[in-house]
Amino acid sequence: MAPKKKKEIDQDERFQAIVLTDSFMTRFMPLTSKTPRCLLPLANVPLIEYTLEFLAKAGVNEVYIMCSSHADQIQQYIKNSKWQSDDVDSPFTVTTILSLESKSVGDTMRDLDNRGLITGDFLLISGDIVSNINFEKALEFHKFNKANDKEHILTMCLTNASPYHRTRTQIDSAVFLLDKPTNKCIYYQSIPSSNLPQTSINLDLELLEDIDDEILVRNDLIDCHIDICSPLVPQIFQDNFDYQLLRSDFVKGVLTSDLVKKTIYAYITNEYASRVSSFQNYDAISQDILSRWSYPMVPDSNFNLTSYSYETNHIYKEDKILLAQSCKIGDCVCIGSNSKIDEGSSIIKSTIGRNVVIGKNVKISNSYIWDNVKIDDDSVIENSIIANNCQISTNTRIYKCVLGYDVKVASDKTLNFVRIIDKPIERVNDFEFSDDEEDSQTQQSQGFSIKESEDLVGKNGVGHVYISEVESDSEIDEDEKSLHKIGHNFRMLNLSDDSIESVTKKRRKKTRRFSTNSVVSTDFEVLSDEDEEEDFNKEAIDTITRSIENNHDLDTALLELNTLRMSMNVTYHEVRLATVESLIKRVLHFITTKTLEPKDALIKVFNSWGMLFKRQIFELNDQIDLLFTLQNVTSNLDKAYNQILLFWSIQILYQLDIIEEEMIFKWWDSEESVETDKLINVRGLTEKFIVWLKEAEEESDED
Amino acid sequence: MVKELTIEILALVDPVVDKLKRHQLSGDKTIALEISQLLMRVISAARWNSPFELIQIIRQVGKTLNTAQPKEIITGNIVRRVLAIIRDEVEEEDQDKDQTMMNSIFSLLSTQKPDKKIYQQSKKQSSDFRSIIIQGIRDLVDEITNVNEGLENMAVDLIHDNEILLTPTPNSDTVLKFLLKARSKRKFTVLVTENYPNGIEQAHKFVKTLADHKIETVLIPDTTVFAVMSRVGKVIIGSNAVFANGGCLSNSGVSSVVECAKENKTPVFAVAGLFKLSPLYPFNRDDLIEVGDSGKILNYSDFKLVDNVDLVSNPLNDYIPPEHIDIYITNIGGFAPSFIYRIVLDNYKPEDTHLD
């Protein structure tokens, strides 16, 4: 079938798939500090294999793998895998694309659009999917709707479940509003996990205007991000550069926007599909695979050059394993090759990697033990993940823990509910920018703090507690509470799930550092990131200067500036600072070349470019901030004309309606504006203006 | 000494291996034909100096296919059939050459080592040899495609007028053709059992086709089979693979039906094409029975059950022991289960039973 198919495809259109390998989350920390999420083993097979296998079955012809964090590892993996394109065996061509600057799904999509790879409809999928969906049917559904609805741009593949299903992530879950006869998606509302249980969703009634039939409100769907997209999707991301997330930004944005007017459909199936997106999910999906819900994606299919054979009660054994006569292997167990299990040990509902040595009378239940782990006699491991090369000494108890790579635990220890990492993430300290006082403070209070803890893993042990920033907040409690409240059966750890995106909204500064944390092992990125910080000011000034010199129109300049802001992820304060500095620089240029008098130069520049601020100011506080910035910048200038500059710039901004008079008064009366001699000095001329303003106000009051 | 397969041959084999792993080939006949076509391509592409090298290559291919999907018996059958064709050809040539030697008493006592020099064929011979074997495989393909013809001819003799037949969980095209052929001369009733959850649709389609051909058909769940068995004249089962001991693999649900037939002393006919006969013995249940999608047994969306039930298992096949089958109906005639080993010997060479 394959060779025939390929011939047909040359004439027909080629079907492309984009695999997003980076989740831009830190949920799998500390495991993801060394390995990208898509290479974590699930039932002893790297996650990405499941996705690629799904694509191979779906009949995709071209696969593009978008890598950002740990890109080198992914590239290396693909290079050595059976999927490599020059291998005749591969059902599709695989190309890895480095998208190192991407900090969110949105960035990746924009990058994708810039590269112009997309030729037709394509499949957008993340690199951590396990699914046996009959994709042809989904594609048919997509094509059918596309033929009927010209505005159709996206089909989401969703599977039926119940609201508290174990595989349904509590973090990503969402409510879908669907048009009953067509399955057109009308509204999307994600359910925040850490907040109190939500019992209602707010709905804009306009959305329901066109509906003449019944609508469905569904909170029982697993959304594992298998999407069939039209080429318009990356373009929409390009147009809306604030879109970060595929679902809560893009889908919601498109559905509620009056401008885009595109439609999204949902393909709902009863087949199996899930996405490994948190530790709870990892547990659930591992069990699903072992108990064959994901058939034929089961270990004994051996699609990844393994050699598993199936035995009754869902036991999977690879060759060359050594089992002592008295050891007990219970239901749903998967054991990799060259592993050894000694007398009296019992294992149930677990996976054991390759080259694992398990001593006598060890009890393992519901745990995931990766390769090359050594577990000594009489230990008990429950509901835990033990990563590669860990060593666990005799009589140790481990409950609900995640042990990172190369951790050693000494004997007679009890670990409960912790994440352990072999050594603190040292590079975190590199991020303390010495020039940024505030930043390093937040670093200490909210960033990753690593506790030295010798009594945790014992004298000969290697390991430190890993605490993510959300845990150190009070949020974890709420998280826990709400999850217990909704009755989710916690078989696994409910350690915190912090996503970059959710943090994004709170504080942009913070975000950037966290995202780099997922890539800490790649030094060059760390460096480039640090540079960015310093670079923004310079770049922004260059951008504006260029615009002024080449006489661009205001909108272009603004757009450039905004893009720069987005890509470097800085606040508007920085943007304003850069704008002020560049405008003043321009003024100084006129003054020093003696083409114009200070006053005329300033009036000329601010009159034509002052409107830049209009789009950088959103709140009243921003106005005050701008005034301070102006004052600060001008105070450092030559005393000969700095008063004139400040006076006129404020006056012009006032005339342009960018600054309101109350705010000017507020600034004028504030203590910070008279802190230093320099600052007082620069106020000199402006006083007259203030007096004038006050008089004018009084006059108007009298009127 | 096992030689690794060359790249050209791997290029031919790997797509089939992938398809087998992904379960993209369905239906015994499809698989059988696909494998024979593959072997034909391999033989045309392979280079060898002596027939033994060719045998090695084919064995290697067989091993690869077997590891890809160890529970698919048919792939091994076809590979072994082709090996038998090659070995027969070699023996024939052998006999031509050593006619005189063979007759002497000396040759009976001496251990015959295959002297490789004898088989150093000239180019012409080798291309002749190649075409003879490919012709042999063509014949095999013909046999597989026309498997129903041989079977159908026996239908009229075996089915009587006004008889009530029972076919448990049918998905076999062969059984369908068998019944349709009998309908041309005879008038009878067919009871069809369906087995939840696998192959229900196929059972319904089967019933529909029979009804369309004016055969009186009744569809019942396989749990009620005990109630109707006393009225049944014959049980006709399809088979996925037949083993040398006379046992066979059939669809899940068949086992309980034949058990019941045994209680009622109802004769059980197993219908099987010759290519389903395997020289293997069913030693271990786990090696034979494919376990399928648990989601068909228990809906995955039913969270409460999924999370609390200990084990959900969905075996797709049943092993039927030889004592539960009265006769095998193949395209070369009807045989008792105890005689199957003999037919296996006719079609396969004992040295190929284990491909490793």
message = Quick check on Lys296(B) against chain A: is it the side chain, the backbone, both or neither that has a heavy atom closer than 4.5 Å?
response = neither
query = Does Leu311(B) reach the side chain of Cys332(A), with side-chain heavy atoms less than 4.5 Å apart?
reply = yes
ask   = How long is the gap from CD on Glu311(A) to CG on Asn284(B), to the nearest 0.5 Å?
value = 7.5 Å
task = Applying side-chain contact (heavy atoms from CB on, under 4.5 Å), name anything that partners Asn132(A), two or more places apart in sequence or on another chain.
result = Glu271(A), Tyr272(A), Pro296(A), Asp293(B)
remark   = Here the gap from Asp287(B) atom CG to Tyr310(A) atom OH, rounded to the nearest 0.5 Å, amounts to 12.5 Å
message = Quick check on the interface: out of Asp288(A), Asn270(A), Asp220(A), Asp300(A), who has the most heavy-atom pairs with chain B under 4.5 Å?
response = Asp288(A)
message = Give me the atom names and distance for the closest heavy-atom approach of His314(A) to Val291(B).
response = CE1-CG1, 4.3 Å
Spacing of CD belonging to Glu53(A) relative to NZ belonging to Lys21(B), to within rounding of 0.5 Å = 8.5 Å
inquiry  = Heavy-atom cut-off 4.5 Å, strictly under: side chain, backbone, both or neither for Ile297(B) against chain A?
reply    = neither
ask   = How many angstroms lie between NZ in Lys19(B) and NZ in Lys57(A), if you round to the nearest 0.5 Å?
value = 13.5 Å
query = What's the spacing between Ser313(B) OG and Arg292(A) CZ if we round to 0.5 Å?
reply = 7.5 Å
task = Please tell me if the side chains of Asp18(B) and Phe303(A) come closer than 4.5 Å, counting only heavy atoms from C-beta onward.
result = no
ask   = For Asp310(B), is it the side chain, the backbone, both or neither that has a heavy atom under 4.5 Å from a heavy atom of chain A?
value = both
inquiry  = Looking at every heavy atom in both Asn160(A) and Ser301(B), which two are closest together, and how far apart are they?
reply    = O-CB, 3.5 Å
message = Taking side chain to side chain donor-acceptor pair (under 3.5 Å) as the definition, give me every residue that meets it alongside Gln135(B), ordered by chain and number, with sequence neighbours left out.
response = Asp139(B)
task = Select one option (side chain, backbone, both, neither) describing which atoms of Val16(B) are under 4.5 Å from chain A's heavy atoms.
result = neither
inquiry  = Which atoms of Gln69(B) are under 4.5 Å from chain A, going by heavy atoms: the side chain, the backbone, both sets, or neither?
reply    = neither
task = Decide yes or no for Tyr300(B) and Thr159(A): does some side-chain heavy atom of the first lie under 4.5 Å from some side-chain heavy atom of the second?
result = no
message = What part of Thr312(A) gets within 4.5 angstrom of chain B, counting heavy atoms only: side chain, backbone, both, or neither?
response = both
inquiry  = Quick one, Ser301(A) and Arg22(B) - any side-chain contact, counting heavy atoms below 4.5 Å?
reply    = no
request  = Examine distances only and state if a side-chain atom of His23(B) and a backbone atom of Tyr295(A) form a donor-acceptor pair shorter than 3.5 Å.
outcome  = no
inquiry  = Measuring from atom CG of Leu290(A) to atom OG of Ser294(B), what distance do you get when rounded to the nearest 0.5 angstrom?
reply    = 10.5 Å
